[in-house]
Amino acid sequence: MPEGHTLHRLAGSLTKTFADQRVQTSSPQGRFESGAQLLDGLVLTHAEAVGKHLLVSFDSPLRLHVHLGLYGTFVARRLPEPTPVGALRLRIVGDESYADLRGPTACELLDDDQVAALFNRIGPDPLRKKPDPERAWARISKSKAPVGALLMDQSVIGGAGNIYRAEVLYRQGISPFREGRSLAPEQFDDIWNDLVILMKDGVKRGRIVTVDKSDMRAMADLDSDRRAPDDRDLDGGEDTPARRRARRATGVYVYQRTGRPCLRCGVAIAAQEFYGRNLFWCPGCQN
DNA sequence: GAGCTATGTAGAC
DNA sequence: TCTACCTAGCTCT
């Protein structure tokens, strides 16, 4: 389930697996049948990511555009290919491997103009080679919208999602409720630079870890009471699935850690629905 | 095995 | 603002 780092990792994996191979494509589910027919028999040249979008190029003017949405998957495995099961939108078969795409929000073919339009509507991506953070700052510095919402807006910054939003604001001690225009330029620079570090690390690891090495031990100690009786009584409530999830998430400071004490100030991590998504933050140290 | 939830977006209204 | 997308990991029974 992807933020930008997942897509960049996927693009690298698809390139490595299929580059310069003539591929067979099909849409067993039928929802991408015409597109799969157009791609069938072409040479896949490379894949790249921009924000949370994936673009796959072939020896053709058309490019495959995929957005995985909340629960799409695109997984490559070694041949032999198994019989398709369930809602399989697209299968790509190469010389030694195949890849299955399931449940995407977008799976379509784009021409050059449409690809250009896609790039235009996505903000600078911290994982691209030469992103232009000034574009993001131009939007944020003029906006009355809360910075917690701006960081999730893909036209402001491409690729950051709910976890990176929560974690980078915590790491920089900035309240998600502050208006974008109230940030100092240096604060934006710190957010951007931290995103670059965290997201690159996410690509490398294949998962999001935002806790600094120097805090790892303290976080583990903080969570060492996983089965302690008072764990159920942080705010007087019963144990819940959310709380159990939170206890497992030791690689992050605030995301899905509702009710757990903040590593730095001890105040309970807060959560609320915010612009239709769950927002997590520390009311003690994010101002 | 059933039920719930989630790292997201597009499109309908 | 609501709904579709229809996966997959987790918990509960």
Length of the OH-C1' vector between A:Tyr253 and B:dT7, whole Å: 19 Å

Short N/O separations, protein against nucleotides 3-5 of chain C, under 3.5 angstrom:
{"unit_1": "C:dC5", "atom_1": "O3'", "unit_2": "A:Arg31", "atom_2": "NH1", "d": "3.4"}
{"unit_1": "C:dC5", "atom_1": "N1", "unit_2": "A:Tyr71", "atom_2": "OH", "d": "3.0"}

Atom C1', compared across B:dT7 and C:dT1: separation rounded to whole Å: 22 Å

Contact under 4.0 Å: A:Gln154 side-chain N or O vs B:dT9 OP1/OP2: yes

Spacing of the P atoms in B:dC13 and C:dC5 (rounded, Å): 14 Å

Euclidean distance, atom CD of residue A:Glu108 to atom P of B:dT9 [Å, nearest integer]: 14 Å

Rounded distance in Å - CG (A:Leu279) to P (B:dG8): 13 Å

Exercise: identify the closest heavy-atom pair between A:Leu7 and A:Gly51: CB-O, 4.1 Å

d(CD, A:Gln114; P, B:dA10) in whole Å: 14 Å

Rounded distance (Å) that lies between atom C1' of B:dA10 and atom NE2 of A:His53: 10 Å

Salt bridge flag under 4.0 Å for residues A:Arg139 and A:Asp153: yes

Distance test, side-chain N/O of A:Tyr164 to OP1/OP2 of B:dT7, below 4.0 Å: no

Cluster companions of A:Val43 among Ile, Leu, Val, Met, Phe, Trp, Tyr (side-chain spacing under 4.5 Å): none

Distance, rounded to the nearest Å, where A:Arg257 contributes CZ and B:dT7 contributes P: 16 Å

A:Leu151 CG - B:dG8 P separation (whole Å): 12 Å

N or O in side chain of A:Arg121 less than 4.0 angstrom from B:dT9 OP1/OP2: no

Distance test, side-chain N/O of A:Lys52 to OP1/OP2 of B:dT7, below 4.0 Å: no

Partner set under ring-ring contact (aromatic ring centres under 6.0 Å, His included) for A:Phe32, not counting sequence neighbours: none

Nearest to side-chain heavy atoms of A:Arg102, which nucleotide of C:dT7, B:dA6, B:dT9: C:dT7

Short side-chain N/O contact to B:dA6 OP1/OP2 from A:Asn162, under 4.0 Å: no

Sequence neighbours excluded, every pair satisfying ring-ring contact (aromatic ring centres under 6.0 Å, His included) that has a member inside residues 122-155 of chain A: A:Trp137-A:Phe188

Presence of A:Thr6 side-chain N/O under 4.0 Å of B:dT7 phosphate oxygens OP1/OP2: no

Pairs where residues 72-103 of chain A contributes a residue and the test ring-ring contact (aromatic ring centres under 6.0 Å, His included) is met, not counting sequence neighbours: none

Whole angstrom value for the distance that separates P of B:dG8 from CG of A:Leu7: 11 Å

Qualifying ring-ring contact (aromatic ring centres under 6.0 Å, His included) pairs with a residue from residues 162-183 of chain A, counting only residues at least two apart or across chains: A:His5-A:Tyr164, A:Tyr170-A:Tyr253, A:Phe177-A:Phe274, A:Phe177-A:Trp281

